[in-house]
Amino acid sequence: MDAKTLGLFGGVLVLLGIATLVVRFLKRRVDLGLDPAIVETFRLRVWAWWMLFAPLAGALLAGKMLTIILFGLISFWALREFITLTPTRPADHRALFWVFFFCTPLQYVFLMLAGRTWFEEPLGITAYDVYSIFIPVYAFLLIPARIAFSGDSKRFLERTAKIQAGLLICVYCLSYAPALLTLDLPPEEPQAASAAPQPAQPVEADAELEQRPLPAGLAQIGTLAEAAQGEIKMPHEAPGRKVRLLFFFVLIVQLADATQYLWSQLPGRHAIVPSISPARTWEGLLGSAASVTLVGAALWFLTPYQWWQAALASLVVSLTAFGGGLTMSAIKRDRGVKDYGTLIEGHGGVLDRIDSLCFSAPVFFHLTYLFVNLS
Amino acid sequence: METNIAGGILALVARFLSGASVRWIDCHPDPCQRVYFANHTSHLDAVVLWSALPPQVRALTRPVAAKEYWMGGPVRQYLSREVFNALLIDRTEIKVHQSPVDLMIREIGYKFSLILFPEGGRSTGPDVGEFKSGLYYLSKKRPDLELIPVHIDNMNRILPRGEVLPVPMLTCVTFGPPMWLERKEAKAEFLRRAREAVVRLKEA
């Protein structure tokens with residue numbers, strides 16, 4: 001694993017460590033007069049971040065396959081929570097069985113096939129061609145057909161739509177997050193070149209330092225060494241960049257969630273949609289959009305983007321994260337519940353934690369695709 | 001010991017597969033002699049309820065189950081006999097001198113607790129059916145047993161009647177406050193009260 005990736009992981013580790021210490025401190029100092037409910041919310045947030053980032057970092061270090069499997073399991077659990085809250089009829093049982101044990105795993109299997117020449121070449125397609133349409137076309141046709149086959153037509157369209165929505169949000173959308181690992185990113189060199197014109201001297205020095213160790217004794221061999229180095233580095237460098245990109249994405253989404261909450265705590269609360277989520281305010285949305293854009297731009301050197309691309313992607317993510325949270329709030333409100341499940345204590349469920357991730361993943365994936373092909 | 005390990009593993013698997021969240025409302029886990037009575041919609045009810053109990057309590061708790069189901073096949077036989085320590089009732093031939101209630105009282109002695117489904121069979125919908133009289137006669141003969149109402153939510157969707165393959169939805173097992181048969185309480189009145197105790201947990 002390269003220095004940048006370890007730095008990113010280490011940075012998040014340090015931030016979480018500090019947050020944990022702050023929680024410990026606030027818990028002990030009751031004399032500060034803070035609202036204990038807010039301290040408790042903060043404590044649970046930090047706990048949930050550990051639960052999210054620790055397995056993610058572990059899976060990313062262990063490789064692409066394990067990361068895809070991890071996201072598959074998260075999808076599975078989120079779908080459980082979604083369907084549990086959705087009223088279905090006994091006639092939907094078989095359709096649900098297909099959704100859980102066929103469509104969900106298969107989506108992630110298709111993801112694993114990305115870049116496998118034995119699959120892609122004989123068929124003349126890419127895995128993206130398959131996993132991008134499998135659920136929204138074929139699974140979406142399978143579900144109503146299977147329900148119709150059971151012979152219960154009561155509220156047919158409604159039941160179909162509910163199962164389709166669950167599959168789309170929890171499985172299809174979320175699978176675009178690990179799909180970032182399958183993107184073809186350009187090698188690191190252009191990135192370092194684009195860093196050069198920047199006025200910041202230390203960054204350039206860093207980039208040079210990073211490049212130096214490998215070609216150390218080979219400098220005089222010239223172009224041949226360059227080519228060889230490119231060939232040797234490619235398989236090692238590219239996964240590192242993808243791992244960073246996925247980690248960057250999850251980090252930005254979590255930051256968007258957290259800053260929305262923080263900015264909403266400030267005085268001056270103008271709820272955006274009071275009938276659905278009184279806690280989401282204009283102050284929270286705008287504040288979070290601004291802060292996340294800044295942080296994203298500042299971390300651009302970890303991504304395959306230009307700085308303005310990182311800023312734009314972060315801005316878009318802060319908006320889609322908001323949209324995701326709001327949509328899931330609407331569903332929860334309709335069902336008359338506060339949270340989706342109880343796996344992470346006090347946090348409701350997995351789905352409550354990943355709603356913003358689900359809504360942001362496809363947009364972030366396609367933006368990355370666009371940016372990479374632009375440059 | 002070996003069965004304890006098998007039981008522990010099975011309980012973990014059952015907890016994970018059913019995704020059960022367990023709630024104790026005005027009630028605490030306790031190894032004292034109790035009768036857990038719950039609504040019944042699925043073959044897996046007994047397993048889910050049993051796995052929701054803490055290990056020490058679980059070791060002393062025996063589910064009452066239908067003989068014809070749990071004697072079908074070697075796996076079910078092993079599980080019911082060795083792991084759950086189930087008390088199997090033959091529903092097809094209930095003899096006068098060998099009533100299920102007598103059998104239960106004899107089998108639990110002054111040590112074991114019971115898991116009971118007073119509806120008799122599995123109900124088809126989410127509604128709790130009328131209770132059979134077994135619970136009443138049991139408490140009449142052993143009024144010292146604590147009766148714990150339990151509501152198992154969603155099991156009818158996980159494995160509905162007539163289906164073979166389960167769909168992994170999340171369940172919720174809710175334990176309610178203990179109750180007893182009151183002195184001179186009529187049978188119908190007691191059974192209605194017991195049923196309401198279970199239904200009430202659904203909304204709690």
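Chain naming here is simple, since letters A, B, ... match the order of the sequence lines and numbering starts at 1 in each. As a basis for the values below, the full set of heavy atoms in this structure was taken, side chains included, without hydrogen atoms, waters or symmetry mates. The structure presented is a predicted model; accordingly, all values stated were derived computationally and were not measured.
Surrounding CH2 of A:Trp50 are more than 12 heavy atoms belonging to other residues, nucleotides or ligands, all under 6.0 Å away.
With no hydrogens or angles considered, no side-chain donor-acceptor pair links B:Ser113 and B:Tyr36 at under 3.5 Å. B:Trp24 and B:Thr174 form no side-chain donor-acceptor contact under 3.5 Å, judged by distance and modelled atom types alone.
Top candidate by heavy-atom pairs under 4.5 Å with chain A, chosen from B:Leu159, B:Asn154, B:Val167, is B:Val167. If you tally non-hydrogen atom pairs under 4.5 Å between each of B:Gly162, B:Pro160, B:Pro168 and chain A, the highest count goes to B:Pro168.
Figure legend: A:Arg45 and A:Tyr261 shown as a cation-pi pair, the cationic atom lying under 6.0 angstrom from the six-membered ring centre and within 45 degrees of its axis.
Proximity to chain B involves both the backbone and the side chain of A:Phe97, based on heavy atoms less than 4.5 angstrom apart.
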